[in-house]
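Report on the following structure.
Hydrogens, waters and symmetry mates are skipped; everything else that's a heavy atom, side chains included, is used.
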Amino acid sequence: MDSPQFTAEPSSNMFDVIIAGCGPAGAMLAAELRLHGVRVLVLEKETEPVSFVRIVGLHIRSIELMAMRGLLDRILEHGRRRPAAGFFAAIAKPVPKGLDSAHAYLLGIPQPVIVRLLEEHAIQLGARVRRGCAVAGFEQDDEGVTVELAHGGTPGKGEQLRTRYLVGCDGGRSTVRKLLGVGFPGEPSRTETLMGEMEVGVPQEEIAAKVTEIHATDGRFSLTPFGDGAYRVVVPAAGVSDRAEPPTLEDFRRELRAIAGTDFGVHSPRWLSRFGDATRLAERYRVGRVLLAGDAAHIHPPIGGQGLNLGVQDAFNLGWKLAAQIRGWAPETLLDTYQAERRPVAADVLDNTRAQTELLSTEPGPQAVRRLLTELMDFDEVNRHLIEKITAIGIRYDFGEGPDLLGRRLRDIDLKQGDLYGLLHHGRGLLLDRTERLIAGGWSDRVDYLADPTAELDVPCVLLRPDGHVAWIGDDQQDLDDHLSRWFGEPVN
C-alpha cells in the first residue's frame with residue numbers, strides 16, 4: 001500500500017466524525033475520512049472480532065474500489081477468484097464477454113478477514129477504534145452532536161463525546177437510526193433460510209444426486225463443496241424465527257431431513273447462520289449532522305451477495321463528501337448528493353433481490369417465470385445487464401445531460417504513469433487531459449492533474465471524482481472550471 005501515513009489523533013473528547021459500527025462500511029468510511037485528515041473515532045459494541053468464518057464475495061465494483069486505494073494486492077492474498085457469473089437467482093449462465101473492468105471476477109473471502117483488513121487500513125491512516133463501546137443516545141445542535149456512550153451493552157457513567165458529525169454504520173437493527181427517528185419501511189421476513197459450512201458423512205456422488213433432484217422444485221437448497229472437506233449448506237427452514245442468535249447443528253439436521261430425507265451426516269460446523277427475506281429501506285439517509293450507511297440504511301436477502309458490497313460502496317461515496325464538508329470547501333449541496341445518489345442504488349438492489357426471491361419460489365407461477373428468464377439470459381444483452389446490475393458496474397449517477405460515460409465510474413486503464421487506479425490512492429479528484437491544454441488551477445489542492453495524450457479514452461478529457469465517477473467530459477477550460485466548482489468548491493486564489 002502506498003497511501004499516505006497519518007499519526008493517530010491525541011486522546012480527546014472532540015472529533016470531526018464518530019462512526020457507530022466497525023463492520024465493512026464503518027471501517028471503509030473511517031479510512032476514507034482519514035485520507036483527508038479528518039479526526040475519526042469508530043465505536044464497536046463487540047469486544048472482539050466475530051469468530052465464525054463466513055465466506056462473502058467481493059463483486060467487481062468493490063474490487064475496483066480496493067484497487068483505487070491500494071488495498072487490492074493485500075486482499076487478493078486472502079481470497080479466491082471465481083467467475084463473475086451465476087449470481088442472478090442462481091441461474092447458471094456463462095460470464096458475458098468483454099465486461100468493462102480490469103477486475104471482472106468475484107473474490108470469495110472470509111468476512112472476518114475483509115473486516116480486519118479494512119479496520120487495519122483505517123487505523124494505519126490514523127483512525128481510532130474503541131471496542132466494547134456503542135452509542136446509547138445523542139443530541140444534535142447547529143454546531144455538532146453530543147454522543148452518550150454505552151459500555152458492554154449498558155449506558156456509560158455519564159461518558160459523553162462531542163463530534164461534528166455522527167454516522168450510523170451499526171447494522172440492520174441500527175440504534176442510531178432508531179434514535180434518529182428515521183422510518184425503515186418495507187416487508188418483514190416471510191421465509192427463513194439456514195446457511196453454514198460443515199463437513200458431511202456421505203459420498204459426494206450421493207450429495208450431487210440429491211441436490212439435482214431437489215433443485216428441480218426448490219432453488220434455495222444447496223450443498224456445495226467448499227474445499228478442505230467442508231460443504232456450504234443452504235437449506236430452507238420450516239418457519240420464520242425472531243431469534244437473533246445463530247441456529248444449531250441440530251436445526252440443520254432437522255431441516256435437511258425434512259427436505260431431503262437425510263441429514264447427510266453433517267458434523268464439525270465452521271459457522272452457522274440464519275437469514276430471512278426482510279427488505280427495508282431508510283426513508284432518509286441524513287438528518288442534520290447524523291447520517292446512515294450500510295445495513296443501517298437498507299436490508300435485503302443475501303441473494304446475489306450484494307449486501308456487504310452495497311455498504312462499502314455507500315462509504316466510498318460518503319467519505320470524500322463528508323470530509324469536504326468538514327474541511328470547508330464542499331459546495332453547498334455536495335453532502336446532499338450522498339442520499340440523492342446512493343438511496344436509488346439501494347432501492348434498485350432491494351428490487352432485484354425481491355425479484356430473485358420470487359424466482360426461487362417453488363410455486364408454479366414463479367417457476368414458469370424462472371424458466372422464461374433462463375431462456376432470455378441466453379441473449380448476451382440480458383445476461384450482461386443482470387451481471388452489471390449485481391456487480392454494480394452498471395451504475396450511472398444523474399449528473400445531467402451528456403455522453404453515456406458521464407456519471408459512470410471509469411474502468412482502470414493504462415496510462416504513461418502506470419494504471420489509472422494507482423493515481424487515486426490518496427482519495428483526491430483527477431483531471432485526465434488528453435489535449436495537454438487544460439489546468440486544474442485553483443483546485444490543485446483537491447484535484448490532481450495528468451496530461452496523457454495516449455490514454456485509452458474515446459473523449460478528450462475527463463474529470464474524476466475521488467470515487468472514480470466521471471464528473472465532466474470535454475475540452476473547454478471555462479466549462480471545466482464550472483464543473484470543478486460544482487464538485488470541488490471555490491478555487492484557491
Subject >> Atom CD of E187 with >12 non-hydrogen neighbours under 6.0 angstrom >> reply: yes
Subject >> Whether over 12 other heavy atoms sit under 6.0 Å from R131 CZ >> reply: yes
**OP:** Could you tell me whether the side chain of Y165 reaches within less than 4.5 Å of the side chain of L291, counting heavy atoms only?
**Re:** yes
**OP:** Using the ring pair (Phe, Tyr, Trp, His ring centres under 6.0 Å) rule, collect all pairs that involve residues 63-98, keeping only residues at least two apart or in two chains.
**Re:** H59-F87
**OP:** Could you walk me through whether T262 and K210 pass the side-chain hydrogen bond (donor to acceptor under 3.5 Å, both in side chains) test, one step at a time?
**Re:** CA-CA 10 Å; T262 173; K210 181 60 72 171; over 6 Å; no
**OP:** Output the distance between atom CG (L335) and atom CG (L318), rounded to the nearest 0.5 Å.
**Re:** 6.5 Å
**OP:** Check R411, H103, R409, Q313 against E64 for a side chain to side chain donor-acceptor pair (under 3.5 Å) and give me the one that passes.
**Re:** R409
Original post:
Is there a side chain to side chain contact (heavy atoms under 4.5 Å, CB included) between V470 and L463 once you walk through the steps?
Top reply: CA-CA 6 Å; V470 178; L463 173 65; over 6 Å; no
Original post:
Above 12 or not: heavy atoms from other molecules or residues under 6.0 Å from CZ of R396?
Top reply: yes
Original post:
Do you know which two heavy atoms are closest between G86 and I387, and how far apart they sit?
Top reply: N-CD1, 4.5 Å
**OP:** Walk me through it: do N317 and H469 pass the test side-chain hydrogen bond (donor to acceptor under 3.5 Å, both in side chains)?
**Re:** CA-CA 10 Å; N317 185 284; H469 280 262; over 6 Å; no
Subject >> Heavy-atom pair with the smallest gap, counting every atom of S101 and I60 >> reply: OG-CG2, 3.2 Å
Original post:
Would D277 and T357 count as having a side-chain donor-acceptor pair, cut-off 3.5 Å?
Top reply: no
Subject >> Shortest non-hydrogen contact from N309 toward S62 >> reply: OD1-OG, 2.8 Å
Original post:
Looking only at heavy atoms, which two atoms of G400 and L406 are closest? And how far apart?
Top reply: O-CD2, 3.9 Å
**OP:** Evaluate the salt bridge (Lys or Arg N to Asp or Glu O under 4.0 Å) criterion for residues E358 and R354: first the C-alpha distance (whole Å), next the side-chain angles of each, then the deciding distance (0.1 Å), finally the verdict.
**Re:** CA-CA 6 Å; E358 291 299 319; R354 286 185 179 105; over 6 Å; no
Original post:
More than 12 non-hydrogen atoms from neighbouring residues, nucleotides or ligands closer than 6.0 Å to CG on D404, yes or no?
Top reply: yes
**OP:** For side chain to side chain contact (heavy atoms under 4.5 Å, CB included), just list the numbers for R286 and L292, CA-CA rounded to whole Å, side-chain angles, deciding distance to a tenth of an Å, and then say yes or no.
**Re:** CA-CA 6 Å; R286 177 190 176 196; L292 304 172; over 6 Å; no
Original post:
When you look at D348 and K389, which way does the salt bridge (Lys or Arg N to Asp or Glu O under 4.0 Å) test go after all the steps?
Top reply: CA-CA 9 Å; D348 185 70; K389 180 184 290 291; 3.2 Å; yes
Original post:
Does the ring center of Y338 lie less than 6.0 Å from the ring center of W320?
Top reply: no
**OP:** Check the pair E119 / E44 against side chain to side chain contact (heavy atoms under 4.5 Å, CB included), numbers first and verdict last.
**Re:** CA-CA 11 Å; E119 181 179 347; E44 173 51 55; over 6 Å; no
Subject >> Nearest atoms (heavy-atom pairs only) where A315 meets L29 >> reply: CB-N, 3.6 Å
Original post:
Is there a side-chain contact between L149 and R130, using heavy atoms and a 4.5 Å cut-off?
Top reply: yes
Original post:
Any side-chain donor-acceptor pair under 3.5 Å between D336 and T333?
Top reply: no
**OP:** Could you pull out the closest heavy-atom pair between F184 and D295, with the gap in Å?
**Re:** CZ-O, 4.1 Å
**OP:** May I have the step-by-step check of salt bridge (Lys or Arg N to Asp or Glu O under 4.0 Å) for E250 and R257, ending in yes or no?
**Re:** CA-CA 11 Å; E250 184 53 40; R257 288 192 295 266; 3.1 Å; yes
Original post:
Just wondering, do L58 and L308 contact through their side chains at under 4.5 Å, heavy atoms?
Top reply: yes
Original post:
Do the side-chain N and O atoms of N352 and H300 include a donor-acceptor pair separated by under 3.5 angstrom?
Top reply: no
Original post:
Between T391 and R61, do the side chains contain an N or O donor and an N or O acceptor separated by less than 3.5 Å?
Top reply: no
**OP:** Please report the C-alpha distance between T193 and R274 in whole Å, then the side-chain angles of each, then the deciding distance to 0.1 Å, and finally whether the side chain to side chain contact (heavy atoms under 4.5 Å, CB included) criterion is met.
**Re:** CA-CA 6 Å; T193 304; R274 68 174 83 242; over 6 Å; no
Original post:
Within 45° of the six-membered ring axis of Y285 and under 6.0 Å from that ring's centre, is NZ or CZ of R342 located there?
Top reply: no
**OP:** Evaluate the side-chain proximity of I214 to V211: yes if any heavy-atom separation is below 4.5 Å, no if none is.
**Re:** no
